[in-house]
Colleague: 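Okay, here's the structure, questions in a sec.
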Amino acid sequence: MKNLVIILAVACQLWACNSKKNEETVKTISKDAESSIVEKDSVSKVNIYEGLLPCADCSGIETVLKIHQGDGTMESHKFELVSTYKGKQPEKTFIQKGNFNYERGLENDPDGTIYILNWDKPESEQIYYGYKSANPDKIYLLNKKREIIKSELNYFLTLKK
C-alpha cells in the first residue's frame, strides 16, 4: 500500500509537470527569474520553498515553489512551481504558474494550512502542499486526499525566504 501511495504521488507530480496548458520548458533559469515577482503598482509578499523531491526515473526533482500572497484577495493569490528533473540528459525544467487558494487544517492540526494550487481548475489538475502550524517552514507535498505522504522518502520543501 505504501508503495502504491508513493507511485501515485510521483505520478501526480509528473503528470502535473507534463500538463501542456500550464507548462513552459526552459533550458536555463537565470537568477533574475528566481527573484520576487512584483505586480504592477503593488509588491506582493512571496514565500519561497525549495527542496529535492523523489523521482521514479531520475536522481530527484529540484523544486522551487513560490507563493505570492498579493494584496490578500483570492484574485491576487498566485503561485509559481519550478521543477527540474536532475540526472537526465538533457535536464528538463518545467514551470507552472496559476492561482492558489488555501484552507485551514492539515490532518490533526486545525491550525495547519493547505495550499491548493490551480484551485480554479479541474480537481485532476490541482496540486496540494501543506504545513503544520508548529513548523510553517516545512511544507509537504500532499496526496489527492490532502494528506501528508507517508514515506521514508522526503516529500517536503523548506522555506528559504
Side-chain angles (χ1 to χ4, degrees), residues 1-31 33-35 46-68 77-109 111-119 121-161:
M1 182 67 177
K2 187 189 314 183
N3 288 339
L4 179 61
V5 170
I6 292 170
I7 291 169
L8 178 61
V10 171
C12 289
Q13 181 73 17
L14 291 173
W15 180 84
C17 290
N18 288 326
S19 174
K20 295 295 181 202
K21 274 188 152 179
N22 295 327
E23 80 179 27
E24 201 181 301
T25 304
V26 292
K27 299 286 184 209
T28 60
I29 298 177
S30 68
K31 289 296 176 193
E34 293 195 13
S35 64
V46 180
N47 288 333
I48 301 174
Y49 297 91
E50 297 178 354
L52 188 68
L53 297 177
C55 179
D57 64 347
C58 67
S59 59
I61 305 169
E62 186 176 278
T63 305
V64 177
L65 173 61
K66 297 178 187 176
I67 300 288
H68 305 273
H77 289 172
K78 304 289 182 193
F79 78 89
E80 179 178 290
L81 181 63
V82 180
S83 304
T84 303
Y85 289 76
K86 306 304 268 179
K88 290 198 157 242
Q89 295 301 325
E91 209 168 75
K92 293 199 181 213
T93 297
F94 298 94
I95 300 174
Q96 294 181 62
K97 295 180 182 182
N99 299 316
F100 78 89
N101 201 352
Y102 61 90
E103 57 188 40
R104 287 310 222 190
L106 175 60
E107 295 182 345
N108 60 352
D109 181 2
D111 295 321
T113 299
I114 296 174
Y115 290 110
I116 306 159
L117 309 184
N118 292 322
W119 73 274
K121 307 246 188 233
E123 193 171 323
S124 62
E125 295 180 39
Q126 295 176 359
I127 303 167
Y128 307 100
Y129 278 90
Y131 62 83
K132 294 191 174 189
S133 61
N135 190 4
D137 294 347
K138 189 176 190 178
I139 192 168
Y140 296 90
L141 175 63
L142 307 176
N143 63 24
K144 289 295 181 184
K145 293 181 182 177
R146 300 177 189 187
E147 301 167 332
I148 294 173
I149 298 168
K150 308 294 185 223
S151 171
E152 294 175 9
L153 303 173
N154 294 328
Y155 284 94
F156 65 86
L157 307 174
T158 305
L159 183 65
K160 296 298 178 190
K161 182 175 177 184

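These numbers come from a predicted model, not from an experiment.
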Colleague: Closest approach of Cys58 and Tyr85, non-hydrogen atoms and distance?
Modeller: SG-CD2, 3.8 Å
Colleague: Is the side chain of Lys144 donor-acceptor paired with the backbone N or O of Gln126 at a distance under 3.5 Å, no angle test?
Modeller: yes
Colleague: I would like to know whether Glu62 and Leu52 meet side chain to side chain contact (heavy atoms under 4.5 Å, CB included); could you show each step before the answer?
Modeller: CA-CA 4 Å; Glu62 186 176 278; Leu52 188 68; 4.2 Å; yes
Colleague: Would you check if His77 and Tyr102 make a side-chain contact, meaning some heavy-atom pair closer than 4.5 Å?
Modeller: yes
Colleague: Out of curiosity, Lys86 NZ to Lys92 NZ, how far, rounded to the nearest 0.5 Å?
Modeller: 14.5 Å
Colleague: Quick check for you: to the nearest 0.5 Å, what is the distance between Ile114 atom CD1 and Ile139 atom CD1?
Modeller: 10.0 Å
Colleague: Compare every heavy atom of Val64 with every heavy atom of Ile48, then report the nearest pair and how far apart it is.
Modeller: CG2-CG1, 3.9 Å
Colleague: How about Lys132 and Ile148: do any of their side-chain heavy atoms sit closer than 4.5 Å?
Modeller: yes
Colleague: Between Asn99 and Lys78, is any side-chain donor less than 3.5 angstrom from a side-chain acceptor?
Modeller: yes
Colleague: Looking at every non-hydrogen atom in both residues, tell me the closest pair between Ile61 and Pro54 and how far apart they are.
Modeller: CD1-O, 3.6 Å
Colleague: Once the angle between the rings of Tyr115 and Phe100 is folded into 0 to 90°, is it parallel (under 30°), tilted (30 to 60°) or perpendicular (over 60°)?
Modeller: perpendicular
Colleague: Please report the interatomic distance CD(Glu107) to CG(Asp109), rounded to the nearest 0.5 Å.
Modeller: 9.5 Å
Colleague: Can you name the closest pair of heavy atoms from Phe79 and Ile67 and give their distance?
Modeller: CB-CD1, 4.3 Å
Colleague: Report yes or no: does Asp111 contribute a side-chain atom to a donor-acceptor pair with the main-chain N or O of Ser133 at less than 3.5 Å?
Modeller: no
Colleague: At what distance, to the nearest 0.5 angstrom, does CD1 of Ile116 lie from CD1 of Ile127?
Modeller: 12.0 Å
Colleague: Between atom CG of Leu81 and atom CD1 of Ile95, what is the distance when rounded to the nearest 0.5 Å?
Modeller: 10.0 Å
Colleague: Drop me the distance from Leu157's CG to Thr63's OG1, to the nearest 0.5 angstrom.
Modeller: 5.5 Å
Colleague: Is the centre of the Tyr131 ring less than 6.0 Å from the centre of the Phe156 ring?
Modeller: no
